[in-house]
Amino acid sequence: MLVAPSILSADFGKLNDDIEAICDGGCDFVHVDVMDGHFVPNLTIGPVVVSAVAKIATKPLDIHLMVENNSFFVDLFAPLKPKFISFHIEEEKHPHRLIQKIRSYGIKPAIVLNPHTHPRDIEFLLNDLDMILLMSVNPGFGGQKFISSVIKKAKILKKMIKKSGSKCLIEVDGGVNDQNIRDLKDAGVDIVVAGSYVFNSQNYQKAIQSLKV
Ligand code: DX5
Ligand code: ZN
């Protein structure tokens, strides 16, 4: 299992130290939650802070957009050269076009599905994507309870990916901890995002390693 700690739960007063600690602690990606106060009822960080994050991080960035105007934000974050940019299918009229745009920047495109969204909605995009992010909480906040129906959804999606011949990875975001990591692994999940589980722990390295099942 690959692990992407979400810095939403980091201590922003010592963000530098927290990012160093997760990178030294063996994380695979640094998950960055970008919220605009419109698509979700919360507001987080923009390119000024994320460019500082990109300078400190020794692991690639995984940018999760929770915004209304996806195309605008893709242009804003692309110069920071993240590994992935993911956008919500629920907020995009032209997902195929946006995927091509992200790829044209040399960035891996990913689509996010909210808890209610069925993977069939993106069946015809599977061969264009590098990753699909399944939300296991309602987007907007860290520290929420894991919505377990994501396990069934991951299994359905895994089958669809195999059938399509795509090499798409499955990522799960929200409420991930050492209690549900085995079920996620068994369902075929490749990457987990973990915010509060990592940053509320006494030892980030230990917490990250406990998810590497
Ligand atoms: C929620 C964010 C998540 C969040 C996860 O909208 O996308 O990345 O930070 O936090 P935890 O792991 O605490 O649920
Ligand atoms: Zn996220």
Side-chain angles (χ1 to χ4, degrees), residues 1-37 40 42-67 73-88 102 105-110 112 130-131 133-137 139-144 146 169-178 180-181 184 189-213:
M1 185 68 80
L2 300 173
V3 179
S6 158
I7 60 167
L8 188 60
S9 296
D11 180 346
F12 277 71
K14 58 176 184 71
L15 194 52
N16 208 330
D17 297 345
D18 271 6
I19 289 167
E20 265 177 25
I22 55 168
C23 291
D24 292 349
C27 77
D28 298 282
F29 303 102
V30 176
H31 185 82
V32 178
D33 290 302
V34 175
M35 307 184 190
D36 67 350
V40 288
N42 196 5
L43 193 61
T44 57
I45 51 179
V48 173
V49 176
V50 181
S51 72
V53 172
K55 278 188 199 125
I56 305 157
T58 53
K59 300 294 169 64
L61 301 191
D62 170 28
I63 296 186
H64 174 191
L65 298 179
M66 285 160 274
V67 300
F73 283 90
V74 166
D75 290 334
L76 215 53
F77 287 100
L80 304 178
K81 295 282 168 223
K83 182 83 158 184
F84 297 100
I85 292 184
S86 57
F87 64 89
H88 277 258
I102 295 171
Y105 279 121
I107 298 164
K108 292 179 184 298
V112 196
D130 282 287
M131 186 169 79
L133 170 48
L134 303 179
M135 291 307 298
S136 41
V137 296
F141 304 94
Q144 301 180 80
F146 183 75
L169 298 171
I170 302 179
E171 183 176 45
V172 166
D173 183 2
V176 172
N177 56 40
D178 57 352
N180 47 37
I181 195 69
L184 291 164
V189 174
D190 304 289
I191 309 175
V192 286
V193 176
S196 50
Y197 176 71
V198 170
F199 287 104
N200 292 349
S201 75
Q202 292 307 310
N203 185 328
Y204 298 170
Q205 178 168 12
K206 248 190 173 169
I208 290 167
Q209 295 306 325
S210 73
L211 299 177
K212 292 193 160 253
V213 292

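One is the number of the first residue; the rest follow in order along the sequence.
A distance of 6.5 Å separates CZ in F84 from CG in D130, rounded to the nearest 0.5 Å. One finds the NZ atom of K83 at 11.0 Å from the CG atom of L61 (value rounded to the nearest 0.5 Å). To the nearest 0.5 Å, atom OG1 of residue T58 and atom CD1 of residue I22 are 9.0 Å apart. Put simply, CD on E171 and CG on L2 are 9.5 Å apart, with the number rounded to the nearest 0.5 Å. To the nearest 0.5 angstrom, M1 atom CE is 14.5 Å from I208 atom CD1. Rounding to the nearest 0.5 Å gives a distance of 8.0 Å between CD1 of I7 and CG of D33.
In this structure, K206 places its NZ atom where only 12 or fewer heavy-atom neighbours from other residues, nucleotides or ligands lie under 6.0 Å away.
Between D178 and S210, the shortest heavy-atom contact is CB-OG, 4.4 Å. Residues P139 and V40 approach most closely at O-CG1, 3.5 Å, considering heavy atoms. What you find for A207 and V198 is that their closest heavy atoms are CB-CA, 4.0 Å. Here the shortest heavy-atom pairing between V50 and L80 reads CG1-CD1, 3.7 Å. In terms of heavy atoms, L15 sits closest to A10 at CD1-CB, 3.9 Å.
By the 4.5 Å heavy-atom criterion applied to side chains, D62 and P82 are not counted as neighbours. The side-chain heavy atoms of F199 and D11, taken from C-beta on, include no pair separated by under 4.5 Å. Here the side chains of Y105 and I85 are not in contact, with every heavy-atom distance at 4.5 Å or above. Residues I107 and V74 have side chains not in contact (no heavy-atom distance under 4.5 Å, counting atoms from C-beta outward). Between F146 and N177, every side-chain heavy-atom pair lies at or beyond the 4.5 Å cut-off. In this structure, L65 and F77 have side chains that are in contact, with non-hydrogen atoms separated by less than 4.5 Å. Side-chain contact between M131 and K108: absent, with no pair of heavy atoms (C-beta onward) separated by less than 4.5 Å. Taking the side chain as every heavy atom from C-beta outward, V176 and I181 approach each other to under 4.5 Å.
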Q. How far apart are the C-alpha atoms of C23 and V30, what are their side-chain angles, what is the distance that settles it, and do they pass the side-chain contact (heavy atoms from CB on, under 4.5 Å) test?
A. CA-CA 8 Å; C23 291; V30 176; 3.9 Å; yes
Assess whether side-chain contact (heavy atoms from CB on, under 4.5 Å) is satisfied between I63 and F73, documenting all intermediate values.
CA-CA 10 Å; I63 296 186; F73 283 90; over 6 Å; no
| field | Verdict with reasoning, L133 to H31, per side-chain contact (heavy atoms from CB on, under 4.5 Å) | value | CA-CA 12 Å; L133 170 48; H31 185 82; 4.2 Å; yes
Check: Does the side-chain contact (heavy atoms from CB on, under 4.5 Å) test come out yes or no for F87 and V67, once each step is laid out?
Finding: CA-CA 8 Å; F87 64 89; V67 300; over 6 Å; no
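Remark: side-chain polar atoms of S136 are paired, donor with acceptor, to backbone N or O of D173 under 3.5 angstrom.
Note on ring orientation: taking the six-membered ring where Trp is involved, the planes of H64 and H88 are parallel (angle under 30°, cut-offs 30° and 60°).
A side-chain contact (heavy atoms from CB on, under 4.5 Å) with M135 is found for one member of V193, V172, V112 and no other, namely V112.
For the salt bridge (charged side-chain N to carboxylate O under 4.0 Å, His left out) condition, the pairs that include at least one residue of residues 21-30, sequence neighbours left out, are D28-K212.
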